[in-house]
Amino acid sequence: MRADARTGAAGASPCALRAVGIVTALGHGVEQTWPRLLAGDQSRFTRRTDFVPGRTLLVGEAPLPLPSLPEPLRRFDCRNNRLSLAAVRQIEKTIRTVVEQVGAERVAVVMGSSTSGVAAAEQAIAHRARTGVLPDGFDYVQFELGGVAEFLARYLDVSGPAYTLSTACSSGAKAVASARSLLALGLCDAVVTGGVDSLCRLTANGFSALAAVAHDVCNPFSLNRRGLTLGEGAAVFLMTKDPGGIQVVGVGEASDAHHMSAPDPDGAGAEAAMRKALADARALPASISYLNLHGTGTPLNDAMESQAVHRVFVGALPCSSTKPLVGHTLGASGAIELAFCWMMLSRLGNGLLPLLPHCWDGVEDPGLPRLRFTRPGERARLDGRALVMSNSFGFGGNNCTIVLGLDQPW
Amino acid sequence: MLHVAYACCADGDVSSVSTVFASRHGEATSTVPLLEALAREQPLGAASFSHSVHNTQAGLFSIAAKNHQISSALAAGADTFPCAFLEALAILRRDPDRRILLVVADEPLHSVFSTADGEPRIAHGVAFIVGRDGEGIRTRCTLGRRAALAQRAPWPQVVEFLRWLLSDEPSLTLGTGALTWTWARE
């Protein structure tokens, strides 16, 4: 097992997403999630009064039940790890078969998360404020970012490299990008990769302090947009070097170098990420069939993103934001939305690709370049390679775009 | 982190390098006051929330240095440094002609928390420029399996790596679990 720092050749090697497990407000698993996603089901948000004092918050909560952790891993027990476990359990059989084939030391775990188990730390600190001590069930590993990957590595009994990327809202996408690179470097033969974040008071109060949270469901790109809707969830992929099937064919990353919590209004960083992803995929803008927008519904993101997308695709590309269905799942969003793209591609049949709907009030913002939002029930007719793209833009101006490809026939 | 990051870069580098910022605990210690405020049902400050993300130092560096390149931030428990080294290789793979600024730092974890492993509670920050070629110390990194329980140096792994780089020892093996990283001079 050698990592040769000198083989930097950016040649394309296969990078298959063999399977995906997912948990969001839309439910558990691909079979349950897909019809609700396609139908634009916005009925699954819940209202919580326990996050922000004096405020009722609409959130995209993952439905119960969530699995409990096995006894030997009990110190990792927190909602965040239960979410990732719920996703992993859906594809566990496939993962373990591959682990058996390639060897445990050849399977890496690269996850993205921004919250980790901070909700557990919130409760622990509140307990300590009342009693003077931390509660028995709390362990720092629940809060620690490294714990996200470590937990899954221990659960799956794999001993390749295990680490957690944490770049705010691009975390899940960055994890997939790095997993692909580790495979290409020959440092492993398979990667369990994705993202997970859980609802917590820190992000609810933090985004409220930024006046970035909408009262109702987020309304991306609308003239009436007022902010984001918080969500939680997990998407975990099994990534291998197999040719064929749904592949990660392009990655593009760039930094805004502008502001910690506001995007560069010009969208140059977002544009750079998209262009680099296209170049990496050796694709022209016209060959992308669909773009899953970051589309948080904040005035600033949507203004920025519409300009960047317009410059790259000139308003011809069917696109949508899926955050009005599951909320902004923060560190998990890059992986969850990539999983939505994966589901689309997996349902490509007879040259027709079902597109994810854009759920909004339909009121265009005349100040923004017009984008070509998908219509309900829309399908793209295509032949040859199907390419879809997903954008993720995080605090600190951290931008990551991923392109998935599928050669027909499936 | 920012201090060592800037100290490591030659003038032209700051805006042209890709970056990896790695920290086991990241902003955990500075998040404790935020969690205490939440326990008292007090509102958070927008700036302190924006600066509580793990990639805060990475973001601040990119803003100060006008750096638009690829940027990563990560954590991996006790093996944060060696995993960060792999992340640097991963980014080199994606952007092979550009050098990487790899910054690894931690301050001692807030006393309210403790880790299960007895990590050395030493504030530290080390930055490296990593590239495919050019001047500097040439190494080859290999992953392996731990044969027996290894003696750990009583200082952080990144500091042990720095000590080794400045020594004349031919190789170094790090890693706190079943997985090992071995660097050999070339």
### Residue part contacting chain B, namely of A/Phe138, when any heavy atom lies under 4.5 Å
side chain
### Query
For B/Glu36 and B/Gln42, does a side-chain donor sit closer than 3.5 Å to a side-chain acceptor?
no
### Query
A/Arg128 versus chain B, heavy atoms under 4.5 Å apart: side chain, backbone, both or neither?
side chain
### Query
Who wins among A/Val118, A/Asn399, A/Asp264, A/Asn398 for the most heavy-atom pairs under 4.5 Å with chain B?
A/Asn398
### Summary
One option among B/Thr31, B/Leu109, B/Ile91 has the most heavy-atom pairs under 4.5 Å with chain A, and it is B/Leu109
### Heavy-atom pairs under 4.5 Å with chain A, option from B/Ala116, B/Cys83, B/Gly77 with the top count
B/Cys83
### Query
If you count heavy-atom pairs under 4.5 Å with chain B, which of A/Val110, A/Thr203, A/Asp139 comes out on top?
A/Thr203
### Task
Answer yes or no: is there an ion pair linking A/Lys276 with A/Glu253, defined by an N-O contact shorter than 4.0 Å?
no
### Message
As an exercise: rank B/Gly59, B/Ala73, B/Ala37 by heavy-atom pairs under 4.5 Å with chain A and give me the winner.
### Response
B/Ala73
### Message
What part of A/His259 gets within 4.5 angstrom of chain B, counting heavy atoms only: side chain, backbone, both, or neither?
### Response
backbone
### Query
Pick from A/Ala129, A/Ser114, A/Ala177, A/Ala126: which one has the most heavy-atom pairs with chain B under 4.5 Å?
A/Ala177
### Task
For chain A, find which of B/Ala78, B/Ala46, B/Ala39, B/Ala47 contributes the most heavy-atom pairs closer than 4.5 angstrom.
B/Ala46
### Query
What residue in B/His51, B/Arg40, B/Arg24, B/Lys66 has the most heavy-atom pairs under 4.5 Å with chain A?
B/Arg24
### Query
Taking 4.0 angstrom as the limit, do B/Glu119 and B/Arg152 come out as a salt bridge?
no
### Task
Select one option (side chain, backbone, both, neither) describing which atoms of A/Arg75 are under 4.5 Å from chain B's heavy atoms.
side chain
### Query
Considering only heavy atoms from C-beta outward, does the side chain of B/Leu143 approach that of A/Leu187 to under 4.5 Å?
yes
### Message
So which residue, A/Ser166, A/Ser208, A/Gly252, A/Ser113, ends up with the most heavy-atom pairs under 4.5 Å with chain B?
### Response
A/Ser166
### Query
How are the rings of A/Phe395 and B/Phe49 set relative to one another: parallel (under 30°), tilted (30 to 60°) or perpendicular (over 60°)?
perpendicular
### Query
Which answer fits B/Leu34, side chain, backbone, both or neither, if we ask what part of it has an atom under 4.5 Å from a heavy atom of chain A?
side chain
### Query
In terms of heavy-atom pairs under 4.5 Å with chain A, which of B/Leu74, B/Ile63, B/Leu44, B/Asn67 leads?
B/Ile63
### Query
Should the pair A/Arg201-A/Glu122 be classified as a salt bridge under the 4.0 Å nitrogen-to-oxygen rule?
no
### Message
Less than 4.5 Å to any heavy atom of chain A: does that hold for the side chain of B/Val112, its backbone, both, or neither?
### Response
both
### Portion of B/Ser114 that has a non-hydrogen atom of chain A nearer than 4.5 angstrom
backbone
### Message
Show, in sequence, the C-alpha distance, side-chain angles and deciding distance for A/Phe76 and A/Arg154, and conclude whether the side-chain contact (heavy atoms from CB on, under 4.5 Å) test is met.
### Response
CA-CA 10 Å; A/Phe76 289 90; A/Arg154 286 182 189 274; 3.8 Å; yes
#### Entry: B/Ser71-B/Thr19 side chain donor-acceptor pair, cut-off 3.5 Å
yes
### Query
What about the rings of B/His110 and A/Tyr140, do their centers lie closer together than 6.0 Å?
no
## Note on the structure
Pair count under 4.5 Å, heavy atoms only, with chain B: among A/Leu210, A/Thr115, A/Thr167, highest is A/Thr167
### Message
Does any part of the side chain of B/Arg98, heavy atoms only, come nearer than 4.5 Å to the side chain of B/Ile70, both counted from C-beta?
### Response
no
### Query
Would you call B/Pro120 and B/Pro154 a side-chain contact if the rule is heavy atoms closer than 4.5 Å?
no
## Note on the structure
Under 4.5 Å to a heavy atom of chain A? For B/Leu60 that would be both
### Query
Do you know which of A/Leu145, A/Leu183, A/Leu165 has the most heavy-atom pairs under 4.5 Å to chain B?
A/Leu165
### Part of B/Ala28 lying under 4.5 Å from any heavy atom of chain A
both
### Task
Look at the rings of B/Phe81 and B/Phe85 and say which category their plane angle falls in: under 30° parallel, 30 to 60° tilted, over 60° perpendicular.
perpendicular
### Query
Do A/Ser116 and A/Asn80 get their side chains close enough for a donor-acceptor pair, meaning under 3.5 Å?
no
#### Entry: Interface moiety of B/Ser23 toward chain A, non-hydrogen atoms closer than 4.5 Å
neither
### Query
With distance as the sole criterion, is a donor-acceptor pair present between the side chains of B/Glu87 and B/Ser72 under 3.5 Å?
yes
### Message
Report which part of A/Ala149 has an atom under 4.5 Å of a heavy atom belonging to chain B: side chain, backbone, both, or neither.
### Response
neither
